[in-house]
*Asks:* 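Take this structure first; my questions come after.
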Amino acid sequence: MEQYIVKGGNPLVGEVEIGGAKNAALGILAASVMTSEPVTIENLPDVRDTAVLIQAMESIGTKVERIDRHTVRVNASSINSMTIDDGYIKKIRASYYMLGSLLGRFRSAQVALPGGCNIGSRPIDQHLKGFRALGAKVEVSRGMISAETEALVGNHIYMDVVTVGATINVMLAATLAVGKTIIENAAKEPHVVDVANFLNSMGANIKGAGTDVIRIKGVEKLHGTTYSIIPDQIEAGTFMFAAAITKGDVMIRNVIPKHLESISAKLIEIGCEIEEFDDCLRVVAARRLSNTQVKTLPYPGFPTDMQPQIATTLALSEGISIVTESIFENRFKYVGELLRMGANIKVEGNTAIIEGVEGFTGAMISAPDLRAGAALVLAALVADGFTTIDDIKYIERGYEDFPEKMRQLGANIEKVETDRDIQKFKLKVG
Ligand code: EPZ
């Protein structure tokens with residue numbers, strides 16, 4: 001079984017390069033099948049979720065050529081099916097973006113109901129409501145969602161909740177609808193803006209992405225493009241907290257500091273120093289950090305995808321901290337693992353009450369989902385002794401070369417498979 005083994009204690013020091021945004025990449029890959037002309041996507045993160053989506057795109061006849069590790073050329077001129085029922089696709093959330101893109105281009109799509117990290121009930125009612133508002137007949141049966149129409153027509157759509165997925169999905173379909181669509185109460189996340197910019201580079205007419213009203217004038221067809229994906233806000237944020245929790249000094253390269261403002265603000269509040277440059281940030285933590293209160297919110301609020309990382313850091317900070325999760329109801333599953341490492345955290349409903357402890361001790365733990373898994377690695381980096389982390393498949397969904405990047409900053413971490421590998425690691429690091 002693949003695991004990470006970590007020997008805690010080293011402050012992280014040095015430079016790390018952030019890759020392309022996974023959640024933008026998933027929307028952009030899905031959007032790339034909306035033209036029959038070739039599309040080149042650069043700065044694509046090489047993570048499991050993008051690999052699975054590419055596989056799904058290939059399963060319906062899309063040709064995806066890897067130019068290099070982070071560049072693909074997509075040719076969707078010979079799509080021969082509008083049905084995605086690949087076994088793998090159920091494992092990722094973003095499979096549902098193929099509904100929006102195929103419905104837009106072909107007026108018909110059938111996609112297996114999405115899976116993804118188990119962080120809550122994750123309804124898709126707003127996606128379906130949006131497609132129906134555009135005139136599609138939408139049905140959910142036998143684990144498949146199907147959407148079909150003869151004419152996709154623009155409409156005025158009010159999202160009942162702020163949702164990244166439904167905003168992107170409806171935007172995809174509306175791009176090729178007849179007439180004007182207005183999405184109100186739209187999500188404003190950087191990856192929503194990136195997908196809109198990508199579509200505009202293909203000839204779409206989308207305005208207002210990044211605000212809560214997105215206006216789309218449908219166009220007849222889209223053309224090929226070459227596009228580079230924005231840096232990953234959450235990967236960057238995770239390394240910022242890795243610097244903070246280990247009392248390190250890390251230069252985080254290839255980021256958009258504006259996207260990281262809510263994260264930087266919290267780090268400064270708890271005692272870190274942050275230096276901001278054009279496309280990098282330096283995070284320095286010279287002393288024990290202090291407590292705070294934080295509530296996850298849609299962008300520009302503090303991201304739910306950073307909640308486990310901040311909670312883990314606060315579990316070692318001085319005083320009592322309160323972390324409130326307002327987006328997903330089941331995102332504290334890692335707390336049990338932190339308790340086994342010596343944390344003092346009580347979860348009541350969607351709130352974690354954290355009493356900072358002096359240190360963690362190494363343990364055998366499991367990653368319950370992607371971001372929680374990353375947070376547990378952070379805990380292991382500072383724990384006394386060895387920690388093994390199981391179920392790293394979750395972490396690999398969204399972090400490219402996670403142990404390698406941590407190692408480059410001085411962490412003692414390795415991906416291992418056998419007891420022999422573990423013994424070898426222990427001998428090596430002493
Ligand atoms: C996206 O999930 C991300 N995934 C998540 O990242 C991220 O945590 C989340 O946005 C919030 O930022 C991808 O981009 C692939 P939502 P998504 O729709 O689109 C409710 C990670 O770790 N809702 O913005 O599924 C929903 O239950 C992952 O990288 C409805 O009620 O999230 C939640 O409470 C995990 N009805 C809230 O909206 C709907 O139809 C926000 O969900 C859709 C959502």
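Atoms within each ligand, like the ligands themselves, are counted from 1 in listed order. All values reported here derive from a predicted model rather than from experimental measurement.
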*Asks:* State if Y96 counts as touching ligand 1 under the rule of any non-hydrogen atom under 4.0 Å.
*Replies:* yes

*Asks:* Which bit of R371 gets closer than 4.0 Å to ligand 1, counting heavy atoms only: side chain, backbone, both or neither?
*Replies:* side chain

*Asks:* Under 4.0 Å, heavy-atom basis, I'd like to know which part of V161 is in contact with ligand 1: side chain, backbone, both or neither.
*Replies:* side chain

*Asks:* L376 versus P368: any side-chain heavy-atom pair under 4.5 Å?
*Replies:* yes

*Asks:* To which of I234, V164, L370, I124 does the heavy atom nearest atom 24 (O) of ligand 1 belong?
*Replies:* V164

*Asks:* When I216 is tested against each of I183, N205, L199 for side-chain contact (heavy atoms from CB on, under 4.5 Å), which residue passes?
*Replies:* I183

*Asks:* Would you say E325 contacts ligand 1, with heavy atoms under 4.0 Å as the rule?
*Replies:* no

*Asks:* Got a salt bridge between E400 and K405, using NZ or NE/NH1/NH2 to carboxylate O under 4.0 Å?
*Replies:* no

*Asks:* Taking atom CE of M364 as the centre, report whether more than 12 heavy atoms of other residues, nucleotides or ligands fall under 6.0 Å from it.
*Replies:* no

*Asks:* Would you mind listing which atoms of ligand 1 come within a distance below 4.0 Å of any non-hydrogen atom of Q126?
*Replies:* 36 (N), 39 (C), 40 (O)

*Asks:* Does CD belonging to E150 count more than 12 external heavy atoms closer than 6.0 Å?
*Replies:* no

*Asks:* Residue-level breakdown please: for Y299 versus ligand 1, do any non-hydrogen atoms fall below 4.0 Å on the side chain, on the backbone, on both, or on neither?
*Replies:* neither

*Asks:* Any nitrogen or oxygen of H191, main chain or side chain, under 3.5 Å from a nitrogen or oxygen of ligand 1?
*Replies:* no

*Asks:* My understanding is that only one of N291, L314, I320 makes a side-chain contact (heavy atoms from CB on, under 4.5 Å) with E355; could you say which?
*Replies:* I320

*Asks:* Side-chain contact, heavy-atom cut-off 4.5 Å: F402 with K415?
*Replies:* no

*Asks:* Could you tell me whether ligand 1 has any atom less than 4.0 Å away from a heavy atom of V162?
*Replies:* yes

*Asks:* Would P123 count as a contact of ligand 1 if the rule is a heavy atom under 4.0 Å away?
*Replies:* yes

*Asks:* Any N or O of G165 that comes nearer than 3.5 Å to an N or O of ligand 1?
*Replies:* yes

*Asks:* Where the closest heavy atom to atom 35 (C) of ligand 1 is concerned, which of K22, M306, R397, R331 has it?
*Replies:* R331

*Asks:* Are E329 and ligand 1 in contact, using a heavy-atom cut-off of under 4.0 Å?
*Replies:* no

*Asks:* How close do Y4 and V377 get, heavy atom to heavy atom, and via which atoms?
*Replies:* CD1-CG2, 3.9 Å

*Asks:* What is the ring orientation for H127 with Y96, classed by angle as parallel under 30°, tilted 30 to 60°, or perpendicular over 60°?
*Replies:* tilted

*Asks:* Name the option, out of L128, I92, I327, that contains the heavy atom nearest to atom 41 (C) of ligand 1.
*Replies:* I327

*Asks:* For E189, check side chain to side chain donor-acceptor pair (under 3.5 Å) against everything at least two apart and list the hits.
*Replies:* none

*Asks:* Which is it for T304 and ligand 1 at heavy atoms under 4.0 Å: side chain, backbone, both or neither?
*Replies:* side chain

